[in-house]
Each structure stands twice: as structure tokens, then as C-alpha cells.
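Just below is one structure, and these are the notes that go with it.
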2 protein chains.
Amino acid sequence: MIRENEKIFVIDDDESVRRSLPLLLKTMDYEVETFSSSEEFLNSKQFNGSGCIILDINLEGKSGLELQDELLKNPYHLPIIFITGKGKVPESVQAVKKGAVDFLQKPFDDEQLLKAVEEAVAKSRNWKKEFDEQMEAKDKIDKLTQRELEVLKYVITGMLNKQIANELNIAEHTVKIHRGKITEKIGVKSVAELVRIAEQAGIQPLYTKIS
Amino acid sequence: MIRENEKIFVIDDDESVRRSLPLLLKTMDYEVETFSSSEEFLNSKQFNGSGCIILDINLEGKSGLELQDELLKNPYHLPIIFITGKGKVPESVQAVKKGAVDFLQKPFDDEQLLKAVEEAVAKSRNWKKEFDEQMEAKDKIDKLTQRELEVLKYVITGMLNKQIANELNIAEHTVKIHRGKITEKIGVKSVAELVRIAEQAGIQPLYTKIS
DNA sequence: GATTTTATAGAACTAAGGTACTATAGACAT
DNA sequence: ATGTCTATAGTACCTTAGTTCTATAAAATC
């Protein structure tokens, strides 16, 4: 199965939308779940796969744009396709600037929606892949002690062991021990791999200021 | 001077806009140049600094959206702020999805515009910085011979010289010679720096398929 | 045709990275 | 108190990286 684990969440207070969209989406083999409010969606069990959210702007309680702001606080979330009856330019601009994949005005045709969904799901796959890699990298970095992390930040600049030792006022041998622990814990055998993993985890190299 | 070299390009067929916007922008110490059509802008001497473009959607000849498409073909271009009389949601969504910083409907107040300009200029600075770094990295990579580039792609995976030698069916010594040339030409002294520069230049590591 | 660039390689050497084994000392937990 | 974790370090050893000198051969350039 190609689209394993991909799911579309429809959030709209209009019952006719909650009836018709799933029918359309299921013909394209998407899994679908519907909600009538932002709160109902937020209270549902969190979904970690890829997919997207089709979200009405005008909702009772928390509006679509407010829900978007809420979701943006998470490090990982699903791409959003907004749908609206009478859309205004400023809110559509805001929504898209914050990463929404599309902003469709009712009535929209099926083709338009499916194209947007396809784009959103593709984006979701990429986001998820990047996020998973980032998490994996962070998990590895988390195994390091404070001192090891410090040494790592120097190692990924390309500094020599003796330079790092000098910077930290310790023996070169001790730096070697730390490096050994680092590569062992992270499970790599080269500086090149350390540089990549550190970058994925958002660790910045610690360059010494030239004095 | 803080905003050295930053310039705002106003492209609008409405003469009153071409008169009033420069006055406003110059109070904020921006350099400004105006054009009455896309063609006029495209024929002007190209600008390599940072800044932004304020662009009317509805222009005679090439429209604002068409000019945006044109500019997107370049590896480097200025961020765009669209202005329009009667904006429609679909075109505003398309414009922003393609990277436009904002989409303002006339009449807009000065504050709104200046905020958008500030954001656009900040984005421009980042883009320019990234672009310049990328160019610098590519220039360095361009000095390498085909074979050296090939070796580099293996080096940045973290492979040992003897593994690379085996992969290429040459002597380990030859790999060392190539590496020496690579680090000399690129002007670095460590694998870590090679990994960074290769990444900036868009060079992908060449992992050997595990057999 | 002569010169330069590129790719190759051996021999010999220095420097740097990495790994034992051993050891001390403070911090923290059971 | 006893054990584990962390950070430190010396000695000794092996592996890997990098350079120098020499050398060959094909390709490109002048």
C-alpha cells in the first residue's frame, strides 16, 4: 500500500461538508476523520503519521486561524488547507504566510480540492521525514554528557585535538577519550557523520574567536 | 550607515503611487527607484544588493504575477510586496505561495506598508547572505577536477582513504594526493569544513550501497 | 612539437586520530 | 559505605592522514 498511514482530518461545522468530503476523499483511498469544531479536534488523540487538515475558517469557538496558531506551536503538525464561504484577502494572505497549503473558497470543485490535498500530503511526508530525522539526531545527542557536547561543538569545527585541549585547558589525551565516547554513543566512525548529525540536531559549531 | 545598499523598487502604472510611495519610503532612509511597467523594470540594470520590490498586480503588458514568475526563474531575486486595487483571494494565495511577502489592498495605510517593507528587506538580507555563501562555496568546488570532485563526494561521507581507493580501484596513495589537492584548492584543513562547503554548494555525499 | 594539467603510484616520513590499560577524584545514588 | 558516572591524565601502541620526492603516461593546451 502506497499511502499507508496517511489520514485527512476535516474540521467544519457544516454537516454537509462533513458528509460529502469524506466520500470524495475515500474514493482516492485516503483515510478520513471529521470534526465539527477546533476543540473537538484538539481533544482527539494526537496523530503522528502524515496527512493533512482541511479546516473551515469560520468555526464556533476557536476559529480556523486560531487553531492554526495553536498547531504552529508544535514542532510537528499537519499541513492545513483552509476552506471558507466568503474569504477575505488579508486572512488568506495571513493563513498562507503561516504555511497553509491552500485557501479554497466554497463552492470549490472536487479537482481543486484533491490537488490541494495531494500537495498537502506530499508536504506532510517531507515534513515528517525531516522531523523524524531531527528527532533521531536529537536522541543521539541527548546521550552525551555536558562536557562531551562541549567537545563535540569544537570537533565539528574541524579543530585538532590539541587545539581543543588547549581551548579547554585539558590534556590532549582527555579530548581523545571524550571523542571516543562521543563516536561510541552516537554510533558513528567519522567526523563527517558527526557534522551531519549535529547539524540535523541543530547543534552549532563553536568557533574560537581569532585573537 | 545601517541600511547601506538597500533599495526599494516601486513598479506601478499609477503615477500617484510612483509619486507618493518614494516620499514615504525616503523618510525611512530607503533608496527608491520607480518604474511604470514590468518591462521597464526588467530592462533596467540588474541590482545585486538587498531590498525589495513593491509591485502592482494589474499592469499593462506583463502583469505583476507574470513578472513574479519571471523573477522566480533567477536563483536570486528581491522579495515582492504586491499592491492591488481590488484583490481576489485566489491570486493573493498564489502570490504568497510563490513567496510574496505581503499582498496589500489599496487603500493601505503607511504603517502597513512600512511593516511589510521591513519584513521584506529583512528577508532579502537573509536570502542574499545565503546566496552569497552558496556562490562562494560553488566557486571553490568549481576549481576541482572531475576526479577530485568524485573523491570529495566519498570523503564527505566519512569513508577512509583505503575504502575510497578500493571503491575507485586506485591506490590509497592516489586518494591522498587527490585529498591534498582538494583541501589545497578549497583552502580548508579539515573534513568538517569540507562537509560544510560541499553542503552549501549542493554537493551530495556518495554513499556506497551496502552489498 | 613542447609544455602543462591530470591521474596514477611507490617509498619514506611526520603528524594526528584512536584505543588499550591503568589511575585518581569528585558527584550522585542505593 | 559502596558502587556508578563523569572528568581527568599518563604510557604505550596501532591506524590513518598528509606531505615530499620521484616517476610514468595520457590528454589538453599553446
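Per chain, numbering begins at 1; letters A, B, ... match sequence-line order.
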Has [X] got a side-chain N or O lying under 4.0 Å from the OP1 or OP2 atom of [N]?
X: B/Thr174; N: C/dA7; answer: no
X: A/Asn161; N: C/dA16; answer: no
X: A/Thr145; N: D/dC5; answer: no
X: A/Arg147; N: D/dT8; answer: yes
X: B/His178; N: C/dT8; answer: yes
X: B/His173; N: C/dA7; answer: no

Atom-to-atom span, [atom1] of [X] to [atom2] of [N] - whole angstrom:
X: B/Gln146; N: C/dT8; atom1: CD; atom2: P; result: 12 Å
X: B/Lys181; N: C/dT6; atom1: NZ; atom2: C1'; result: 9 Å
X: B/Ile186; N: D/dG18; atom1: CD1; atom2: P; result: 13 Å
X: B/Leu168; N: C/dT8; atom1: CG; atom2: P; result: 8 Å
X: B/Glu184; N: C/dT6; atom1: CD; atom2: P; result: 11 Å
X: B/Leu144; N: C/dA7; atom1: CG; atom2: C1'; result: 15 Å
X: B/Ile182; N: C/dA7; atom1: CD1; atom2: C1'; result: 13 Å
X: A/Ile177; N: D/dC5; atom1: CD1; atom2: C1'; result: 15 Å

inquiry  = Ignoring hydrogens and geometry beyond distance, is a side-chain donor-acceptor pair present between B/Asp132 and B/Gln134 at under 3.5 Å?
reply    = no

Would you indicate which nucleotide in [options] comes nearest to any side-chain atom of [X]?
X: A/Ile170; options: D/dT8, D/dA17, C/dT6; result: D/dT8
X: A/Leu160; options: C/dA7, C/dT19, C/dG17; result: C/dG17
X: A/Lys176; options: C/dG10, D/dG10, C/dG17; result: C/dG17

Side-chain donor or acceptor of [X] paired with backbone N/O of [Y] under 3.5 Å:
X: B/Ser124; Y: B/Ala120; answer: no
X: A/Glu118; Y: A/Lys115; answer: no
X: A/Glu70; Y: A/Leu67; answer: no

query = Mapping B/Ala171 and A/Met159 onto DNA chain C by nearest heavy atom, which one lands closer to the 5' end?
reply = B/Ala171

key: Matching residue for B/Ile186 among B/Lys140, B/Lys181, B/Glu148 - test: side chain to side chain contact (heavy atoms under 4.5 Å, CB included)   = B/Lys140

query = How is A/Lys162 classified with respect to the nucleic acid when contacts are heavy atoms under 4.0 Å: base, sugar-phosphate, or nothing?
reply =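 Sugar-phosphate: the residue A/Lys162, judged by heavy atoms under 4.0 Å, touches backbone atoms but no base.
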
